[in-house]
**Student:** 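One structure, as structure tokens, below. Some questions next.
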Amino acid sequence: MLVERDIDAFLAADWSIVDSDFRREGFLGLHAHKSELPDSWRLDFPDLETYRDEWLRQAKASQAVEYAEPVRDALFRATNMRDIDLKGDTAVCHKKFDGTIALKDGVEVLNWQTLYFCARLGGRWKITGFVGYMPFPMGRPRG
């Protein structure tokens, strides 16, 4: 749900593909704005509808980009969700984007990460919230 279905839905700019992957009640998303400082993270997505609208805006903007390689393959190559913390019916999924996509006139660098909070509800995993758009990697040494 957090990799294959998300990528396919994003490329199609079709929210209906992922809509049932979310719990509406109590959903919230924090936007880190690629900052390592949690005090600067903002509740930009206080509900699922706000997040959906931004997700669709980004998906449609991506469709206007002229890529020089198959974008689906590039997104899979850059995506890593190796770490999943699971306790009973609750999970935290660590999704990282680390790579590049060749553009017609350059390169798009993907270097952010998201922590997704999930719960098993009625036998199915649902996304209940996230902290997203954090820099990757984080934790640069102090100078």
**Student:** Does the side chain of K96 come within less than 4.5 Å of N111's, by heavy atoms?
**Tutor:** no
**Student:** Could you check if a side-chain atom of T114 sits within less than 4.5 angstrom of a side-chain atom of V131, using non-hydrogen atoms only?
**Tutor:** no
**Student:** Measuring from D105:CG to E66:CD, what's the distance to the nearest 0.5 Å?
**Tutor:**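 Separation between the atoms: 7.5 Å.
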**Student:** Check R52 with E49, please: is the shortest side-chain N to carboxylate O separation under 4.0 Å?
**Tutor:** no
**Student:** For L103 versus A68, what's the shortest heavy-atom pair and its separation?
**Tutor:** O-CB, 3.4 Å
**Student:** To the nearest 0.5 angstrom, please state how far the CZ atom of F97 sits from the CZ atom of R77.
**Tutor:**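 With rounding to 0.5 Å, CZ (F97) is 13.5 Å from CZ (R77).
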**Student:** In terms of side-chain heavy atoms, does N80 have a donor or acceptor partner in H94 at a distance below 3.5 Å?
**Tutor:** no
**Student:** So R72 and I7, side chain to side chain contact (heavy atoms under 4.5 Å, CB included) or not? Walk me through it.
**Tutor:** CA-CA 7 Å; R72 185 176 191 270; I7 288 172; 4.3 Å; yes
**Student:** Looking at L86 and A91, what are the two nearest heavy atoms and their distance?
**Tutor:** CD1-CB, 4.0 Å
**Student:** Checking the side chain of R120 only, and the main-chain atoms of G88 only, is there a donor and an acceptor separated by less than 3.5 Å?
**Tutor:** yes
**Student:** Below 4.5 Å, heavy atoms only, C-beta onward: do F136 and L110 meet side chain to side chain?
**Tutor:**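 F136 does not reach L110 side chain to side chain.
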**Student:** Backbone N or O of S35 within a donor-acceptor pair of the H33 side chain at under 3.5 Å?
**Tutor:** no
**Student:** Determine, stepwise, if the pair V3 / F76 fulfils side chain to side chain contact (heavy atoms under 4.5 Å, CB included).
**Tutor:** CA-CA 8 Å; V3 178; F76 274 101; 3.8 Å; yes
**Student:** Are any non-hydrogen side-chain atoms of Y67 and I101 less than 4.5 angstrom apart?
**Tutor:**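 Result yes, sub-4.5 Å side-chain heavy-atom pair found.
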**Student:** Would L56 and I127 show up in the same hydrophobic cluster when neighbours are defined by side-chain heavy atoms closer than 4.5 Å?
**Tutor:** yes
**Student:** Can you tell me how far the CG atom of D53 sits from the CZ atom of R57, to the nearest 0.5 Å?
**Tutor:**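 Between D53 CG and R57 CZ, I get 11.0 Å after rounding to 0.5 Å.
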**Student:** Would a line drawn from the ring center of F45 to the ring center of F27 be shorter than 6.0 Å?
**Tutor:**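 Ring centres of F27 and F45 not closer than 6.0 Å.
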**Student:** Does any non-hydrogen side-chain atom of P46 lie less than 4.5 Å from one of L28?
**Tutor:**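 They are not in side-chain contact.
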**Student:** Any chance the side chains of D19 and S16 put a donor and an acceptor closer than 3.5 Å?
**Tutor:**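 No, no side-chain donor-acceptor pair sits under 3.5 Å.
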**Student:** Has T79 got a side-chain atom pairing as donor or acceptor with L75's backbone, closer than 3.5 angstrom?
**Tutor:**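 Confirmed, T79 side chain pairs with L75 backbone.
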**Student:** Which atom names give the shortest non-hydrogen contact between D44 and H31, and what distance separates them?
**Tutor:**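 For D44 and H31, the tightest heavy-atom pair comes out as OD2-CB, 3.4 Å.
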**Student:** Is the closest side-chain heavy-atom distance between D8 and E4 below 4.5 Å?
**Tutor:**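 D8 vs E4: side chains touch.
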**Student:** Quick one: does any side-chain atom of Q113 pair with a main-chain N or O of P135 as donor and acceptor, under 3.5 Å?
**Tutor:** yes
**Student:** What pairs meet the side-chain hydrogen bond (donor to acceptor under 3.5 Å, both in side chains) rule with one or both residues in residues 122-133, with sequence neighbours excluded?
**Tutor:** S20-R124, D21-R124, Q58-Y133
**Student:** Would you say the side-chain atoms of K95 pair up with the backbone N or O of L2, donor to acceptor, closer than 3.5 Å?
**Tutor:**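 Indeed, once roles are kept as given, a pair shorter than 3.5 Å links the two residues.
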**Student:** Give the intermediate values and the outcome of side chain to side chain contact (heavy atoms under 4.5 Å, CB included) for residues L43 and L30.
**Tutor:** CA-CA 5 Å; L43 181 58; L30 292 177; 4.1 Å; yes
**Student:** Has the side chain of R23 got a donor or acceptor atom that lies under 3.5 Å from a matching backbone atom of E25?
**Tutor:**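 Yes.
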**Student:** Quick one: do M1 and Y116 end up in the same hydrophobic cluster if we chain Ile, Leu, Val, Met, Phe, Trp and Tyr together by side-chain heavy atoms under 4.5 Å apart?
**Tutor:**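 Shared cluster, yes.
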**Student:** Side-chain heavy atoms under 4.5 angstrom apart, residues restricted to Ile, Leu, Val, Met, Phe, Trp, Tyr: same cluster for V109 and M138?
**Tutor:**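 Different clusters.
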**Student:** Mind checking whether W55 and F22 have ring centres under 6.0 Å apart?
**Tutor:** no
**Student:** Which heavy atom in C118 sits nearest to a heavy atom in C93, and how many Å separate them?
**Tutor:** SG-SG, 4.1 Å
**Student:** Starting from F10, can I reach I17 by hopping between I/L/V/M/F/W/Y residues whose side chains sit under 4.5 Å apart?
**Tutor:**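 Yes, because I17 and F10 connect within a single hydrophobic cluster, where side-chain heavy atoms sit under 4.5 Å apart.
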**Student:** Any Lys/Arg nitrogen of E69 or K104 sitting under 4.0 Å from an Asp/Glu carboxylate oxygen of the other?
**Tutor:**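 Looking at K104 together with E69, the answer is no, because their closest N to O distance does not fall below 4.0 Å.
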